[in-house]
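Written below as structure tokens is the structure these notes are about.
Only heavy atoms go into these numbers, but all of them, side chains included; no hydrogens, no water, no symmetry mates. Note that ligands are numbered from 1 as they come in the structure, with each ligand's atoms numbered from 1 the same way.
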Amino acid sequence: MPIAVARRLLPPGSIVGVSCNTPAHVHAAVRDGADYIGIGAVYGTQTKKLTEPLVGVRGIAAMLDGLGESPIKAVAIGGIKATNALRILHSAIAPNGRPLDGVAIVSDIVASREPAASATKLSRLIRAFQQEFATGIGIHSRATIVGSIAVEPALERVQSLFQEIKKSSPLVHQITNNVVATQSANITLAVGASPIMATAADEMEDLSRIPGALLVNIGTLVPDTKLGMLEAGYFANLNGKPIVLDPVGIGASTFRKSSVNGTCSSLRRNVQPIIKLCNVELLDRWQPSVIKGNAGELAAFAGSTEVKSKGVDSVGSGFSDPALFVQALARQERCIVVLTGKTDYVSDGHLVVCIENGHELLGQITGAGCMAGSLIATFCAAQASLTRGQSGSAAIEGQLVDRGMLYAAVGGLLTLEIAAEQAVPADGSAVGRGTFLSRLIDRVGFLTQDDITRLAKISIQVPGSPKESTRTGLRE
Ligand SMILES: Nc1ncnc2c1ncn2[C@@H]1O[C@H](COP(=O)(O)OP(=O)(O)OP(=O)(O)O)[C@@H](O)[C@H]1O
Ligand SMILES: Cc1ncsc1CCO
């Protein structure tokens with residue numbers, strides 16, 4: 001029914017909402033003067049028969065963007081429950097920064113044995129998110145840092161994470177590719193953590209209960225493993241476990257791209273009430289803490305044509321302004337973004353940390369990026385362990401991404417790259433790729449926190465800001 005007709009039939013002052021399934025619907029609702037819009041269905045639902053395609057979590061942001069500066073409120077609807085509400089609120093942020101105003105929920109309340117308790121739980125979750133969103137720094141901050149940005153506090157954070165790994169030996173669950181599984185497990189053990197390379201969907205709920213972190217690497221993705229990834233990430237989000245996503249070779253095929261976040265997935269065309277799990281993209285189901293890739297992978301992920309890829313490799317010299325790229329992508333994805341290469345760039349959407357360590361041999365063996373992912377996940381597990389004591393506070397309840405993961409990503413990269421420098425003989429004698437890999441794993445095992453502090457070559461900047469501080473590997 002057109003809004004004008006509804007307004008004629010209803011008493012004056014009535015609130016009129018419009019269901020929107022596409023950006024075109026949103027534009028029409030703005031033009032016709034709706035009071036609010038309901039965006040959906042996000043997921044499949046049994047509450048009503050769906051006649052329009054599912055929007056998916058990844059589809060909400062574009063619709064919010066269509067609201068522009070209008071005061072019209074927006075809620076998401078369709079299959080939303082206490083278990084996925086936070087995921088939806090986190091992901092559904094328009095490029096212009098506009099979040100959802102709320103979520104519409106039916107069965108999780110009316111079909112609950114304790115509807116009042118269910119409603120209270122949901123409202124607590126939503127308020128915690130709103131509080132987090134309003135007061136947060138880092139990931140979605142627009143605050144400007146005044147003065148120079150010292151790197152020492154960042155290195156101190158890395159040190160305490162390094163100590164925590166040695167102390168608690170966290171479990172690092174890795175669903176990775178079959179090219180690198182052994183070396184990834186070995187490098188995780190070498191740094192002092194405990195790897196488990198489990199892939200079956202049926203065991204993910206059990207594994208998610210063990211504190212630690214989850215790595216999802218799509219290097220040799222097959223449908224069965226994808227089911228495991230969907231389940232593992234979902235339960236990891238529920239249990240507040242950090243997730244590192246490594247979209248290996250994402251530009252190589254439509255299957256990889258649509259499995260992660262593509263808009264061409266069959267999910268978009270699926271009007272069945274129950275979603276067939278394998279058609280769901282990973283990022284429709286869970287929120288990563290860190291997304292890591294080389295330039296070709298991150299360009300394909302972000303839909304940028306600036307950098308090309310060939311299989312799992314990046315082609316050419318990379319982005320013209322990598323710092324700005326990672327900052328923008330981190331802001332859009334509301335998580336830490338890591339761009340690897342000769343120089344690495346790590347951002348939380350505000351700060352960008354540049355790392356100049358490493359060795360060219362890292363670019364000449366397979367799986368250096370995958371090992372970087374394993375070490376980043378290990379440091380994320382340590383960060384989660386350090387913050388676990390604070391859980392229960394409203395701000396933590398409203399988060400899926402811990403801002404400390406910026407330092408975790410930096411710590412993982414520094415560990416790999418400083419060990420790589422040490423793996424090359426100091427007397428300049430040649431080392432081949434095979435020996436280099438073994439020596440690299442050895443050196444990760446021998447690395448000390450003093451090595452990291454002494455040898456780190458990092459700088460921190462806020463792109464667009466003239467203030468920048470640099471730190472070389474030399475002792476001052
Ligand atoms: N030329 C180089 N000099 C120094 N460090 C490098 C160089 N090339 C890569 N690295 C380091 O190697 C690690 C992996 O980065 P890279 O961009 O090669 O990953 P990748 O392409 O995803 O690797 P793979 O697909 O083999 O897993 C990073 O820590 C990066 O800093
Ligand atoms: C070579 C290769 N192919 C798929 S995954 C992988 C490992 C490095 O990314």
- Query: So which protein heavy atom does atom 30 (C) of ligand 1 come closest to, and at what separation?
  - Reply: G341 O, 3.3 Å
- Message: What protein heavy atom lies closest to atom 9 (O) of ligand 2? Include the residue and the distance to one decimal.
- Response: V248 CG1, 3.5 Å
- Query: Among protein heavy atoms, which sits nearest to atom 3 (N) of ligand 2, and what does the distance come to when rounded to 0.1 Å?
  - Reply: V312 CG1, 3.8 Å
- Item | Element-labelled atoms of ligand 1 that are located less than 4.0 Å from some non-hydrogen atom of I365 | 26 (O)
- Item | Sub-4.0 Å heavy-atom approach of G249 to ligand 2 | no
- Note on the structure: protein heavy-atom neighbour closest to atom 11 (C) of ligand 1 works out as L362 CD1, 3.5 Å
- Query: Heavy-atom distance under 4.5 Å between the side chains of I218 and M229, does that happen here?
  - Reply: yes
- Look at atom 2 (C) of ligand 2 and find which of T176, V180, V179 reaches it with the closest heavy atom. V179
- Message: Please list the nearest protein heavy atom to atom 17 (O) of ligand 1 with its residue and the distance rounded to 0.1 Å.
- Response: T340 OG1, 2.8 Å
- Note on the structure: Numbered in order shown, the ligand 2 atoms found under 4.0 Å of a heavy atom of T366 are 1 (C), 7 (C), 8 (C)
- Between CG of L455 and CD of Q422, what distance do you get to the nearest 0.5 Å? 6.0 Å
- Query: Taking non-hydrogen atoms only, is L416 closer than 4.0 angstrom to ligand 1 via side chain, backbone, both or neither?
  - Reply: side chain
- Message: Is there a polar contact between ligand 1 and N294, counting only N or O atoms under 3.5 Å apart?
- Response: yes
- Does A300 offer a backbone N or O that forms a donor-acceptor pair with the side chain of K308 under 3.5 Å? no
- Query: Any chance NZ of K167 has more than 12 other-residue heavy atoms, nucleotides or ligands included, within less than 6.0 Å?
  - Reply: no
- Message: Within ligand 1, which atoms have a heavy atom of T366 less than 4.0 Å away?
- Response: 26 (O)
- Query: In terms of atom number and element, which parts of ligand 1 are under 4.0 angstrom from non-hydrogen atoms of C370?
  - Reply: 27 (O)
- Would you mind checking if R58 and E333 are paired as a salt bridge, meaning a charged N to carboxylate O distance below 4.0 Å? yes
- Looking only at protein heavy atoms, identify the closest one to atom 26 (O) of ligand 1 and say how far it is in Å. G367 N, 2.9 Å
- Please write down residue, atom name and distance for the protein heavy atom closest to atom 29 (O) of ligand 1. E417 OE2, 2.7 Å
- Task: Kindly say whether A423 contributes a backbone atom to a donor-acceptor pair with the side chain of D442 at under 3.5 angstrom?
- Result: no
- Task: Report yes or no: does R439 contribute a side-chain atom to a donor-acceptor pair with the main-chain N or O of V424 at less than 3.5 Å?
- Result: no
- Message: Looking at every non-hydrogen atom in both residues, tell me the closest pair between L375 and T415 and how far apart they are.
- Response: CD1-CG2, 4.2 Å
- Distance-only side-chain donor-acceptor flag, T448 / D450, under 3.5 Å: no
- Among non-hydrogen protein atoms, atom 18 (O) of ligand 1 lies closest to G363 CA, 4.2 Å
- Query: When you measure from atom 27 (O) of ligand 1 to every protein heavy atom, which one gives the shortest distance, and what is it?
  - Reply: G369 N, 2.9 Å
- Query: Is E231 salt-bridged to R285, going by a charged N under 4.0 Å from an acidic O?
  - Reply: yes
- Message: Under 4.0 Å, counting heavy atoms only: does I355 come that close to any atom of ligand 1?
- Response: no
- Task: May I have all residue pairs that pass side-chain hydrogen bond (donor to acceptor under 3.5 Å, both in side chains) and include part of residues 184-195, sequence neighbours excluded?
- Result: Q174-T188
- Would you confirm whether H173, through its side chain, and S208, through its main-chain N or O, come within 3.5 Å as a donor-acceptor pair? no
- Query: S374 versus V172: any side-chain heavy-atom pair under 4.5 Å?
  - Reply: no
- Which residue and non-hydrogen atom of the protein lie closest to atom 1 (N) of ligand 1, and at what distance in Å? E360 CA, 3.6 Å
- At a non-hydrogen distance cut-off of under 4.0 Å, which region of D344 contacts ligand 1 (side chain, backbone, both, or neither)? side chain
- For residues L283 and R87, determine if any side-chain heavy atom of one lies less than 4.5 Å from a side-chain heavy atom of the other. yes
- Could you tell me the residue and atom name of the protein heavy atom closest to atom 4 (C) of ligand 2, and the distance to it rounded to 0.1 Å? G219 O, 3.3 Å
- Message: Under 4.0 Å, heavy-atom basis, I'd like to know which part of M371 is in contact with ligand 1: side chain, backbone, both or neither.
- Response: neither
- Looking only at distances, please establish whether an N/O atom of ligand 1 is found under 3.5 Å from an N/O atom of G358. no
